[in-house]
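A quick write-up on the structure given underneath.
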Number of protein chains: 2
Amino acid sequence: MAKTDTKTRILDTAERLFAQKGFDAVSLRTIIASAKVNLAAVHYHFGSKQALVHAVISRRLRPINEERLTQLAEIRIKAGRRPVKLEHVLECLFRPLFRVQANSKAGPTFARLVGRVMGERNEGLHKFMMGELAEVIIQFSAAIEAALPELPKEESDWRSHFMAGAMAHTLCNADLLVRFTGTDAGASDYESTVRRLIDFTAAGFRARVSPPPKKARAKRKPKRT
Amino acid sequence: MAKTDTKTRILDTAERLFAQKGFDAVSLRTIIASAKVNLAAVHYHFGSKQALVHAVISRRLRPINEERLTQLAEIRIKAGRRPVKLEHVLECLFRPLFRVQANSKAGPTFARLVGRVMGERNEGLHKFMMGELAEVIIQFSAAIEAALPELPKEESDWRSHFMAGAMAHTLCNADLLVRFTGTDAGASDYESTVRRLIDFTAAGFRARVSPPPKKARAKRKPKRT
DNA sequence: GCCTGTTTCAAACAGTCGTTTGAATTAAAT
DNA sequence: ATTTAATTCAAACGACTGTTTGAAACAGGC
């Protein structure tokens, strides 16, 4: 077969366009024009646009999540009785996702797409994404808490939230910073990005919890001459 | 005047709906139905939907940015010759923005909206936002670098990027975590959020820069029996 | 050959979108 | 009261959306 499968050509094209412009901003007609297939083919193979979106996401996200969980299980075994190291947990979480940025021949496409999902208000899409990520969230939340036994659970949740934001924003706007700082986006520089993200978030997780502010914090303490 | 100005009623309603569903997801007809004004009133007062979006944003963002710059200038003066403290810089950046979440009578609306903008791929909107934030970005980047003279500029840029992501995501999904962790979103609990965000990002900024990974990290060093 | 099931195709459907129009209404000024 | 400008209104415009339809093209088994 000279030309690739219609179904996969739709998936590939949709993935690329969704990553560039967003899910709602890309119409089915834009996709089918770029993929050179018929409009009805989308509904024949996927049923609806929503289903196509889900298919685009889960095609890549599922293997990524499996790898995440596998690697997490590995470092847990390797750690034995000792507590797992936070940086290793974060690496299991970030690396499999950021690596697709380097692997995808079409350039940074899918990873950005995942970053975009977290900002979507689509409700249905959000539910779907949470379903896909459920196990990952459970396992990694537990691992993070195990790595930071001193940190109150409430703080841990908030900081996971911050981490998710930093990660999503980095995925989504990967190009901006790379162009801005002049770092060459060459091939597998995702390594540096992952390292930087781990440095930042690991330190954030380990931050000392500052006490709640006094109702009126002492703006200027009595001058001590 | 019993009923408020048409122009402001459009602005208020659009702000609320945009924050809930996103800019593209909310049609002008949804807005005018909720605001009880005529459809053409939008174009009469603003010219286009794009212009309305800009008006909604800058109405609140402009005072916020002014306050940010004023407060930053203040702590710089107060610091005198000594370097400004990173936490104080971040506080100037976060607090004015997060406070509108508590002030707005319609609940957390605008702040979430700002968070949403950063995830938009709208191009035009992104340009507009960068214009509004230009001075803030310049001043605060400089302040952060001044507070962390040891940190290479490249790392500083990346970590500002992470910070922006954490902030945007927190603004955008403020409700999620509050509901999840059971923290009461009561009135001015934005204080706690700001404190947590400062703790996290300040530590992230101060993180030690770990060395770039060896090309092939020793997966399994020669077994030493 | 014919037949069966899968896949492609052009065309249309019903609906929504942002925007425009021109007349009707209100407010202000003379 | 009359004239002028500012504002509101219902109605329509053209373009685009996701989805459906029914016939055409194709496949492989017999």
- Would you indicate, yes or no, if C:dA10 has its OP1 or OP2 atom less than 4.0 angstrom from a side-chain nitrogen or oxygen of A:Asn38? yes

- Query: Does a side-chain N or O from A:His45 land closer than 4.0 Å to OP1 or OP2 of C:dT6, or not?
  - Reply: no

- Query: Which whole-number value in Å describes the distance from A:Ile31 CD1 to D:dC16 P?
  - Reply: 16 Å

- Message: Using the side chain to side chain contact (heavy atoms under 4.5 Å, CB included) definition, which of the options B:Leu28, B:Asp5, B:Val42 pairs with B:Ile10?
- Response: B:Val42

- Task: Write down the distance between CD1 (B:Ile32) and C1' (D:dT7), rounded to a whole number of angstrom.
- Result: 16 Å

- Message: Checking B:Ala168 now: which residues fulfil side-chain contact (heavy atoms from CB on, under 4.5 Å) with it, not counting sequence neighbours?
- Response: B:Met118

- Test: A:Glu154 and A:Arg159 ion pair at under 4.0 Å: no

- Nearest-Å distance for atom pair CZ/C1', residues A:Phe46 and C:dT8: 15 Å

- Take atom OH of A:Tyr44 and atom P of D:dA27, then tell me their distance rounded to the nearest Å. 14 Å

- Are B:Glu67 and B:Arg99 close enough, and set up right, to give a salt bridge (charged side-chain N to carboxylate O under 4.0 Å, His left out), and what steps lead you there? CA-CA 11 Å; B:Glu67 191 182 349; B:Arg99 191 172 46 202; 2.3 Å; yes

- Task: Please identify each residue that fulfils side-chain contact (heavy atoms from CB on, under 4.5 Å) with B:Ser27, with sequence neighbours left out.
- Result: B:Arg29, B:Thr30

- Message: Is a donor from one side chain sitting under 3.5 angstrom from an acceptor on the other, for A:Arg16 and A:Ser34?
- Response: yes

- Query: Would a line drawn from the ring center of A:His161 to the ring center of B:His169 be shorter than 6.0 Å?
  - Reply: yes

- Note on the structure: Read 5' to 3' with Watson-Crick or G-U pairs under 3.5 Å, [ ] for crossing pairs and | for partners on another strand, DNA chain D gives .||||||||||||||||||||||||||.||

- Please state whether the phosphate of D:dT8, meaning OP1 or OP2, lies under 4.0 angstrom from any side-chain nitrogen or oxygen of B:Thr6. yes

- Message: Between C1' on D:dT19 and CG on A:Leu52, what's the gap in Å once rounded to a whole number?
- Response: 14 Å

- Take the protein atom NZ of A:Lys36 and the nucleotide atom C1' of C:dA10, then report the distance between them rounded to whole Å. 18 Å

- Item | Reading 5' to 3' through nucleotides 16-21 of chain C, protein heavy-atom contacts under 4.0 Å coded B for base, S for sugar-phosphate only, - for none | -BBBBB

Below 3.5 Å, can you tabulate the donor-acceptor pairs from side chains in residues 44-57 of chain B to any protein atom, sequence neighbours excluded?
unit_1: B:Ser48; atom_1: OG; unit_2: B:Ala51; atom_2: N; d: 3.1
unit_1: B:Lys49; atom_1: NZ; unit_2: B:Phe23; atom_2: O; d: 3.1
unit_1: B:Lys49; atom_1: NZ; unit_2: B:Val26; atom_2: O; d: 2.7

Enumerate donor-acceptor pairs with a distance under 3.5 Å from any side-chain N or O in residues 129-142 of chain B to protein atoms, sequence neighbours excluded.
unit_1: B:Glu132; atom_1: OE2; unit_2: B:Arg62; atom_2: NH2; d: 2.9
unit_1: B:Glu135; atom_1: OE2; unit_2: B:Gln139; atom_2: NE2; d: 3.0
unit_1: B:Gln139; atom_1: OE1; unit_2: B:Arg76; atom_2: NH1; d: 3.1
unit_1: B:Ser141; atom_1: OG; unit_2: B:Ile137; atom_2: O; d: 2.8

